[in-house]
**Student:** 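Here it is, the structure, as structure tokens.
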Amino acid sequence: MRGSPFRPVPDPVRPGEESVWDYPRPPRLESVPDRLQVVLGGRVIAETGSGFRVLETSHPPTYYLPPADIADGALVNRRRGRICEWKGQAVLFDVRAGDRLVPGAAWAYPDPTPDFRAIAGYVAFYAGPMDACFVGAAQVTPQPGNFYGGWITPGIVGPFKGGAGTMGW
């Protein structure tokens, strides 16, 4: 990361790339034409061609998958999550596949704010604790830190909020 902790300098953008510093604030929701896939315990637990992504300044996209495209029994132990100033009250889920149980690894907004109604009930997964997550054929890298759930793919450039020293951005 270049620049001060409060004014990071965006990485250079080459043709075909997106900078998270060009994403809006407040965030924007858009449909995703790519296939999204989540793997845990050696099994595909979620796969869709009907996902959405949320784009917000300094964050890699967060992907939301429709509940109908998530394996039965993969989401367990629903509980109240944090409130997002843009999307509303979240619920958290533990994620189960075979012998694996990952606490708090997925979330959804059952009754989101008007700008995010399209993702009501759709589920996002933290990529880090999963075996793998994919956007199209690209395996994602988790957003740094443990608070945000963005998925970094080739063609998305930062620097990204989430790592040490970035909370003031």
**Student:** Side chain to side chain contact (heavy atoms under 4.5 Å, CB included), that's the test. Do Ile152 and Val140 meet it? Break it down for me.
**Tutor:** CA-CA 5 Å; Ile152 303 169; Val140 309; 5.9 Å; no

**Student:** Partners of Ala118 by side-chain contact (heavy atoms from CB on, under 4.5 Å), sequence neighbours excluded?
**Tutor:**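 Expected list: Leu29, Phe52.
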
**Student:** In Å, rounded to the nearest 0.5 Å, how long is the span from CD of Gln37 to CE of Met130?
**Tutor:**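 If we round to the nearest 0.5 Å, Gln37:CD and Met130:CE are 13.0 Å apart.
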
**Student:** Strictly below 4.0 Å, N to O, side chains only: are Asp131 and Arg100 in salt-bridge contact?
**Tutor:**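 Between Arg100 and Asp131 there is a salt bridge, with a charged N closer than 4.0 Å to a carboxylate O.
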
**Student:** Taking all non-hydrogen atoms of both residues into account, name the closest pair between Ala71 and Arg43 and its distance.
**Tutor:**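 Heavy atoms of Ala71 and Arg43 come nearest at CB-NH2, 4.4 Å.
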
**Student:** Is there a continuous path of hydrophobic side-chain contacts, each under 4.5 Å between heavy atoms, that joins Phe134 to Val44?
**Tutor:**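 Same cluster.
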
**Student:** Could you point out which residue of Val135, Thr153, Val54, Leu55 forms a side chain to side chain contact (heavy atoms under 4.5 Å, CB included) with Pro61?
**Tutor:**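 Passing option: Leu55.
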
**Student:** With clusters defined by side-chain heavy atoms of hydrophobic residues (ILVMFWY) lying less than 4.5 Å apart, directly or transitively, does Phe125 cluster with Phe160?
**Tutor:**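 No; tracing contacts between hydrophobic side chains, which count when under 4.5 Å, never links both residues.
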
**Student:** Pair Val157, Val20 - check side chain to side chain contact (heavy atoms under 4.5 Å, CB included), show working.
**Tutor:** CA-CA 6 Å; Val157 298; Val20 298; over 6 Å; no

**Student:** Closest heavy-atom contact between Tyr109 and Gly88?
**Tutor:**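 Distance-wise, the nearest heavy atoms are CE2-O, 3.3 Å.
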
**Student:** Looking only at heavy atoms, what is the nearest atom pair of Arg28 and Phe116, with distance?
**Tutor:**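 That closest heavy-atom pairing would be C-CE2, 4.4 Å.
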
**Student:** Hey, are Asp94 and Arg79 close enough for a salt bridge, meaning a charged N less than 4.0 Å from a carboxylate O?
**Tutor:**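 Salt bridge: yes.
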
**Student:** Minimum heavy-atom separation for Pro159 to Pro8, with atom names?
**Tutor:**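 Between these two residues, the closest heavy atoms are CG-CB, 4.0 Å.
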
**Student:** Check whether any side-chain heavy atom of Ile119 sits under 4.5 Å from a side-chain heavy atom of Lys87, and report yes or no.
**Tutor:**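 With C-beta onward as the side chain, the pair touches.
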
**Student:** Is there side-chain contact between Pro110 and Arg78, with heavy atoms separated by less than 4.5 Å?
**Tutor:**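 In contact.
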
**Student:** Give, for atom CG of Leu65 and atom CG of Leu36, the distance between the pair rounded to the nearest 0.5 Å.
**Tutor:**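 Reported to 0.5 Å precision, the distance equals 5.0 Å.
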
**Student:** Donor-acceptor check, side chain of Gln143 to backbone of Gly150, threshold 3.5 angstrom: yes or no?
**Tutor:**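 Pair found, side chain donor or acceptor close to backbone of Gly150.
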
**Student:** Grouping I, L, V, M, F, W and Y whenever their side-chain heavy atoms are under 4.5 Å apart, do Val102 and Trp151 come out in a common cluster?
**Tutor:**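 Yes, one cluster joins them.
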
**Student:** Which pair of non-hydrogen atoms, one from Val95 and one from Ala105, has the smallest distance, and what is that distance?
**Tutor:**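 Smallest interatomic distance, heavy atoms only, reads CG2-CB, 3.7 Å.
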
**Student:** Show the nearest heavy-atom pair for residues Gly136 and Asp34, with the distance to one decimal.
**Tutor:**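 Looks like N-CB, 3.8 Å.
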
**Student:** Check whether Tyr148 and Leu92 end up in the same hydrophobic cluster, where Ile, Leu, Val, Met, Phe, Trp and Tyr are linked by side-chain heavy atoms less than 4.5 Å apart.
**Tutor:**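 No, because Tyr148 and Leu92 fall into different hydrophobic clusters, even though each may have its own neighbours under 4.5 Å.
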
**Student:** How would you list, by chain and number, every residue that makes a side-chain contact (heavy atoms from CB on, under 4.5 Å) with Ala124, sequence neighbours excluded?
**Tutor:**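 Per chain and number, Ala124 pairs via side-chain contact (heavy atoms from CB on, under 4.5 Å) with Thr62, Tyr64, Trp107.
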
**Student:** Hey, is the main chain of Arg25 close enough, under 3.5 Å, to the side chain of Glu56 for a donor-acceptor pair?
**Tutor:**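 No, because the side chain of Glu56 does not come within donor-acceptor range (under 3.5 Å) of the backbone of Arg25.
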
**Student:** When clusters are formed by joining ILVMFWY residues with side-chain heavy atoms under 4.5 Å apart, either directly or through shared neighbours, do Tyr122 and Ile70 land in the same one?
**Tutor:**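 Hydrophobic grouping puts Tyr122 apart from Ile70.
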
**Student:** Could you tell me the separation between the OG1 atom of Thr57 and the NE2 atom of His59, rounded to the nearest 0.5 Å?
**Tutor:**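 Between atom OG1 of Thr57 and atom NE2 of His59 there are 8.0 Å.
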
**Student:** Backbone N or O of Phe147 within a donor-acceptor pair of the Tyr126 side chain at under 3.5 Å?
**Tutor:**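 Between the backbone of Phe147 and the side chain of Tyr126 there is a qualifying donor-acceptor contact (under 3.5 Å).
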
**Student:** Show your reasoning for whether salt bridge (Lys or Arg N to Asp or Glu O under 4.0 Å) applies to Asp111 and Arg117.
**Tutor:** CA-CA 7 Å; Asp111 185 27; Arg117 288 270 183 248; 3.0 Å; yes

**Student:** Any pair with a residue in residues 12-45 that passes ring pair (Phe, Tyr, Trp, His ring centres under 6.0 Å), sequence neighbours left out, goes on the list, sorted by first then second residue, please.
**Tutor:**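 Applying ring pair (Phe, Tyr, Trp, His ring centres under 6.0 Å) to every pair that reaches into residues 12-45, excluding sequence neighbours, yields Trp21-Trp169.
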
**Student:** Is there side-chain contact between Val123 and Leu75, with at least one heavy-atom pair below 4.5 Å?
**Tutor:**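 They are in contact (side-chain heavy atoms under 4.5 Å apart), so the answer is yes.
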
**Student:** What distance separates Asp69 CG from Arg35 CZ, expressed to the nearest 0.5 Å?
**Tutor:**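 The CG atom of Asp69 sits 7.5 Å away from the CZ atom of Arg35.
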
